[in-house]
Structure formats: C-alpha cells, structure tokens
Amino acid sequence: MVASFPGLLSRGELLDLLHNSTTVSRVHQVHAQLITGALFSDPFVASRLLSTICELSARVPASYADLVFSQSHQPSTFSWNTIIRFHVRASNPNKAVLLFARMRKAGVLTDHYTYPFVLKACALLAGLEEGAAIHGDVLKTGLGEDPFVMNGLISLYCKGGEIAAARKLFDGSRSRDLVSWNSLMAGYVSCGDTAEAGRLFDAMPERDAFSWAILIDGYGKKAGDVSRARDLFDKMPNKDLVCWNSMIDGYVGLGMMRAARELFDVMAERNVISWSILIDGYVKHGDPKEALELFQSMLGQGVRPDVISAVGAISACSQLGALDQGRWIHSYVKKHNILLDVVVETALVDMYMKCGSLDLARLLFDEMPRRSVVTWSVMIVGLGMNGFGCEAVELFYQMERRGATMDDLTFLGVLTACTHARLVCEGREIFDRMRRDFRVEPKVEHYGCLVDLLSRAGRLQEAKEVIETMPGTPTSSLWGSLLAACRTHRCVELAEIAVEKLKKLGADDGGVYVIMSNIYAAEGMWNQVWKMRKLMRERGMKKETGRSVIEVDGSIHEFVYGDSSHPYKEEIYEVLGSCQMQCLEKMVSLIF
DNA sequence: CAAGGAGCAG
C-alpha cells in the first residue's frame, strides 16, 4: 500500500490526504506513512488520524482504533475525546467510561467536548452512579452551563428514569436551547408522562422536526393514542421522513396495518426504515405473505435491504414454510454483502428449521462464527419440532458444556422437545435444574411444558399436582393440556375436574366440550355425550375453521376449510378425491 | 487546526 506513494509525504500532504479520506484503505495508507516517518510524535497528525478512524467507526474494528490510540505519545485531550467518541459510536459504552476514568487518572485536561461523549456512554449503560459522579466532575470544571454538556446531563437523567433531576437541571439553566427542550420532552415521553411532554411542546419558544417527531412517537407508539398522534402529524408544517416513519410506526404498533399502508403509499420519499417498519409490521401482525411481497417490491425499486428488513423477510418465510423464497433471500443476502450478523443468521437457521430443511439449518449453524442464546434456542426448538427430541436434548447438553448462557426460551425449547420425544425423566430433571443450576426462573409456560410432558406420558396425577402446587394462578392452557391427555389416557374423573377448572376460568370454549364428549364416547357414556352436545348447541359453539398455508414453486397458497376460491380448485379436489379413493381402496383391501 | 447533545425499524 505504501508503494503507491513515492517516498514519504510531508506533514501537510498527510493532513490533506486525511481530510479527504473516506475509505478504510486510505486510513491504512496514512497509518503506514506515520509509522515509517515516525510521525506519531506529532500529536496533531496522530489525532487527525484517530479522528478519521472515528468517522469511519462503522467499518473499523475497535481493536484497530485502540491500536492507533496506543501508538500516539502522550495523547492530547482531543485524542482522548476521539477514542472515547469512537467507543460510544461503536456501542462499547463500557470501554468509553473506562477510558474516561483513565483519562482523569492520567491528569489529562477534560473539556466541553469530553463530557457529552462520556455522558452519552453512561446513558447507554443506564449508569446513573457513574453519571452522577461525572456530574460532580462537570460542576468542578465549571462546564455546567455549556449547552452541550448540560443537555448530555439532562438526557442521562431522562434515560436513567430520573426525570425530576433532569427537570431541575432544565429549570435552573440559563443557557437552555431547543435541544434541551427536546431532550426533556423525550424524557417525559419515555417515562410515560405524555401529558407533560405535550405541555412542554405547547410552551416551547420554537420547534423543529425533532420536537414534532418526539411527540408524534410519544402519542402513537408509547401512549397508544394514535388519533392524537395523527392530529399532530397533520398539523406539522414541513414533515420530514422521520415523522412519516414515526407515524407509520404508530399505526403498526397497534396493528392498524391498513392505516399504516395508506400513509406508506402516499409518501413522497421512502427510506429503508420506512420499508422495514411496514415489512416487520406485517410479519408481527400475521400477514407474512404481504411482508414478502413488500420485500420484493422494495428490491424492485432498488432499495438495498438492511438487517431489519432482511430478518423480516426471512421470518415471513419461516411463518409460511416458504423454503424456496427463504433460500433465495439467503443467497441474495450473501451476494449483495448485506451484513450477515448473528441476528440474520439466526433468522435463517430458524427459517430452515421451520421449513423442515434440517441439513441446511445444521450446515449454517455449524459454520456460524458467533452464536447467541437465540441461535441455540432456535436450533433446539427446531430439532424438537421436527421430531428429533433426543438430538435437541443432546444439543442442550452441548450448550451447557460450552458454558453458553441460557434464557427462558432455551428451556421452553428443550422441555417441548422432551415432551415430543417422551423423555420424561430428562425433562423433569432439566426443569428442576432450571432455577437451581441456571438461575432461570420458570414461568407459567415452563410449567405448561412440564404438565404437558407428564400428562402425555400418562402421569396424570403428577401433572395435576404440579398445576396445584405451582406459584401463581394456573392458566387455562395448563388444565387444557391435562384435559387433552385425559382423552388419550382415558381418565374420566380427572377430565371432569379439568373441565370444572376451565369453566371457572371462563375458558370452556367449544374445543373443551368436544374433547370431553370424546372422552365420554370412548367410555360408552352416551348420556353424557348427548349432554355435552346439547350444551354446545345451547351456547352456539362451533369448531374453529381449519386453515393451512403452503408454498409451491415460490408462490404462496392459502387454504381455508370449506373455501373454494382457489383458481385450481377443480384440479385440487380431483386429486383429493382420487387420494380418498385410493385410501378407501387400501382400507377395503386391508379389511377383506 | 479537529469534534459534541434530542426523534423512526429489531
């Protein structure tokens, strides 16, 4: 790289070069020049290099920034500020706070640039204790009236939930500006006091796009009062892109996808966030088909997907079981260098699992450079779901040996896997070790798994005891799974108890009586069966409509029981008919 | 000589 420069560059030439550096390789060139020319002793040049690295923080590893910083002799205040800023930008607030402590210890002068960075780091950490100590530091240096420093403090207290402290600073300040108003308003919004945020908004001497966006977001997403948010949105004079996105997100948060879509469709300008909000909204609110279509039209308009929209599209494929499209998105993401971070890869593993492609899931899982708790959990859940309960439990033990942290989802996955594989003893043991060995508090869902595990294995009495002795109130689903097991294990007495409990919980829907009448029928208790049927008729209960979704050659088909609107319905019923005929023929030949 | 605070997607 150095070869591209004949000889050494002068100080001025290096500074010029840095000034125009927008690529990492350019930074490397200058770095090499500094080393060969022993120019690190020039604090200004060294700090300019660091500053350029900081501007490129998204593409530079933290270790490289640290290296350059450590090479500068007696770093200046500016260099310290810059390396702290780098770590705040790179989401290493811990490191930033640590560096600040070292800076103080080294006796380096702090200035009005230092505090906003380090306060931001504290805010990210929600580290009120450190923040308060830095507040004391600020007062000693007499920088408390610098608007940047003060706003940093306000924002710190807001993020830490100390809105009263933030308010006190705000009220006592002589130099508050628009950002101070906005910060405090954001603070009220995030602690749920939208009313006070609204009063601040009305009292503001001037407003900018931030002010509007904070309150639109506050009314919409945070307070769920989307009509007030819309009022504000309509009144806003020069709506910027963020405001549109906030408003759309407000609708999406309440599941009002139609309203969200209407706004989206009339937007003059969209960015990848606008698309992501909507795609993610469709995924979350049960319309994965629409999410995928939107993702495709986003690509069609030349918008490069980011991690959020990619994850949205991938999980839409998981929900639909759309393996072909999922694989296509996987290769698209690889080809276009979309950051394959651990979240995206986990979504892909989940997609392959949900689509039943265990080998592809395993391949990706084994190759992943980093795995999160979610990655492991997804794999465990997937194995269990696909009927590989023993493998799921084995993976759980492997996870334990690696010392990976586990969360409640992990246990939900492994317990469900135990249920499906009838691994009663393992399941029971893992449940008992949850709190003791892994410090994960079992939730109702985990008790649900345990009850399911025991009752399916026929240990109905034991299951009933778990329900009755668990902390908190048992939910209807617990009694529900006991009831379902009573049917397979033909236990009328326990079933009747379960139905009574379900009735008390107001959860005795049609399904409960269907199961109960089936249980009676199996025992030949026909009087009871008729009683159940009559009860259902009286209450106007019906069975839920069955529906299913399938992907064929990349397009999605939905089937609803009794629905005949599918374009290929005649062919479908013909095939179905012939299947039934074949089944009948087979049965007939078996019987005779 | 240089750089900083507030808002939208998971």
Side-chain angles (χ1 to χ4, degrees), chain A residues 11-12 15 18-19 42-52 54-55 76-86 88-89 111-121 123 143 146-156 158-159 166 175-190 197 200 204 207-218 220-222 229 233 239-250 252-253 260 270-281 283-284 305-312 314-315 341-344 346-347 374:
Chain A
R11 186 180 188 268
L15 286 177
L18 269 177
H19 189 70
D42 184 332
F44 184 63
V45 183
S47 61
R48 283 289 290 121
L49 174 66
L50 203 58
S51 165
T52 308
C54 189
E55 289 306 317
S76 60
T77 295
F78 180 82
S79 289
W80 280 98
N81 290 350
T82 310
I83 190 68
I84 290 173
R85 180 164 71 109
F86 179 94
V88 174
R89 278 190 165 202
D111 64 6
H112 59 295
Y113 280 101
T114 319
Y115 293 101
F117 299 137
V118 69
L119 286 170
K120 171 91 184 218
L143 292 167
D146 179 280
F148 283 95
V149 177
M150 196 199 53
N151 290 335
L153 283 165
I154 289 178
S155 161
L156 168 82
C158 284
K159 295 248 165 66
S175 56
R176 66 188 176 204
D177 60 7
L178 182 52
V179 179
S180 321
W181 285 89
N182 287 343
S183 305
L184 190 64
M185 199 165 70
Y188 278 112
V189 164
S190 67
L200 278 176
M204 284 173 87
R207 300 180 191 108
D208 65 0
F210 276 87
S211 328
W212 292 87
I214 290 166
L215 204 57
I216 288 173
D217 179 57
K221 192 92 178 259
K222 309 261 165 43
F233 177 79
K239 303 181 196 22
D240 70 350
L241 188 51
V242 175
C243 280
W244 282 87
N245 287 346
S246 288
M247 191 63 233
I248 291 175
D249 190 44
V252 166
R270 303 180 189 120
N271 64 4
V272 67
I273 295 185
S274 330
W275 290 91
S276 300
I277 290 171
L278 210 58
I279 290 173
D280 198 59
V283 171
K284 288 237 156 52
D306 61 354
V307 170
I308 309 272
S309 44
V311 169
I314 294 165
S315 45
D341 72 354
V342 62
V343 182
V344 177
T346 302
V374 186

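In this text, all values refer to a predicted model and were calculated from it rather than measured experimentally. Labels below follow one simple rule: chain letters A, B, ... track the order of the sequence lines, proteins then strands, and each chain is numbered from 1.
Residue contacts shown for A/Val307 include a base, since a base heavy atom lies under 4.0 Å away. Residue contacts for A/Asp146: at a heavy-atom cut-off of 4.0 Å it reaches a base atom on one of the strands shown. Within the 4.0 angstrom heavy-atom criterion, only backbone atoms of the sugar-phosphate kind lie near A/Ser183; the bases stay farther away. Within the nucleic acid shown, A/Ser276 comes within 4.0 Å of at least one base atom, counting heavy atoms only. In this structure, A/Val311 reaches neither bases nor backbone, as no heavy-atom distance under 4.0 Å exists between it and the strands shown. Within the 4.0 angstrom heavy-atom criterion, only backbone atoms of the sugar-phosphate kind lie near A/Asp217; the bases stay farther away. Among the atoms of the strands shown, none is found under 4.0 Å from any heavy atom of A/Asn271. Contacts of A/Ile277 with the nucleic acid, taken as non-hydrogen atoms under 4.0 Å apart, involve only primed sugar atoms and P, OP1 or OP2.
Comparing B/dA3, B/dG7, B/dA9 by their nearest atom to the side chain of A/Val242 picks out B/dG7. Candidate nucleotides B/dC8, B/dG7, B/dA3 were compared by shortest atom distance to the side chain of A/Arg85, and B/dA3 ranks first. Here the side chain of A/Lys284 is nearest to one of B/dG4, B/dG10, B/dG7, namely B/dG10. Proximity note for A/Pro116 (side chain, C-beta onward) versus B/dA9, B/dA3, B/dG4: the nearest is B/dG4. The side chain of A/Ala209 has B/dG7 as its nearest neighbour among B/dG4, B/dA6, B/dG7. Closest to the A/Ile308 side chain, of the nucleotides B/dG10, B/dA3, B/dC8, is B/dG10. The listed nucleotides are B/dG4, B/dC1, B/dA2; the one nearest the side chain of A/Phe44 is B/dC1. Closest to the side chain of A/Cys243, out of B/dA2, B/dG4, B/dG7, is B/dG7. Among B/dA9, B/dG4, B/dG7, the nucleotide with an atom closest to any side-chain atom of A/Val149 is B/dG4.
Atom CD1 of A/Ile279 and atom NZ of A/Lys284 lie 12.0 Å apart (nearest 0.5 Å). Atoms SG and CG, on A/Cys243 and A/Leu215 in that order, are 10.5 Å from each other to the nearest 0.5 Å.
At distances below 3.5 Å, at least one donor-acceptor pair connects side-chain atoms of A/Lys239 with backbone N or O atoms of A/Phe233. A donor-acceptor pair is defined here as one N or O able to donate and one able to accept, closer than 3.5 Å; such a pair exists between the side chain of A/Asp111 and the backbone of A/Thr114.
A/Ile279 has its CD1 atom 15 Å from the C1' atom of B/dC8, to the nearest Å. The interatomic distance linking A/Lys221 (NZ) with B/dG7 (P) rounds to 14 Å, in whole Å. Whole-Å rounding puts the A/Asp208 CG to B/dC8 C1' distance at 15 Å. Straight-line distance from the CD1 atom of A/Ile314 to the C1' atom of B/dA9: 15 Å, rounded to whole Å. Taking atom CE of A/Met204 as the reference point, atom C1' of B/dG7 lies 12 Å away to the nearest angstrom. Taking atom CG of A/Asn182 as the reference point, atom P of B/dG4 lies 18 Å away to the nearest angstrom. Between A/Leu18 atom CG and B/dC1 atom C1' there is a gap of 13 Å when expressed in whole angstrom units. Residue A/Asn245 contributes atom CG, which lies 8 Å from atom C1' of B/dA9 at whole-angstrom precision.
Contact check for A/Thr82 versus A/Ser47: no side-chain heavy atoms found under the 4.5 Å cut-off.
In this model, no side-chain donor or acceptor of A/Asn81 finds a partner on the base of B/dG4 within 3.5 Å.
Per the stacking criterion (ring centres < 5.5 Å, plane angle < 30°), A/Phe78 stacks onto the base of B/dA2.
Side chains of A/Ser246 and A/Asp249: a donor-acceptor N/O pair is absent below 3.5 angstrom, by distance only.
In terms of heavy atoms, A/Arg207 sits closest to A/Leu178 at CA-CD1, 4.2 Å.
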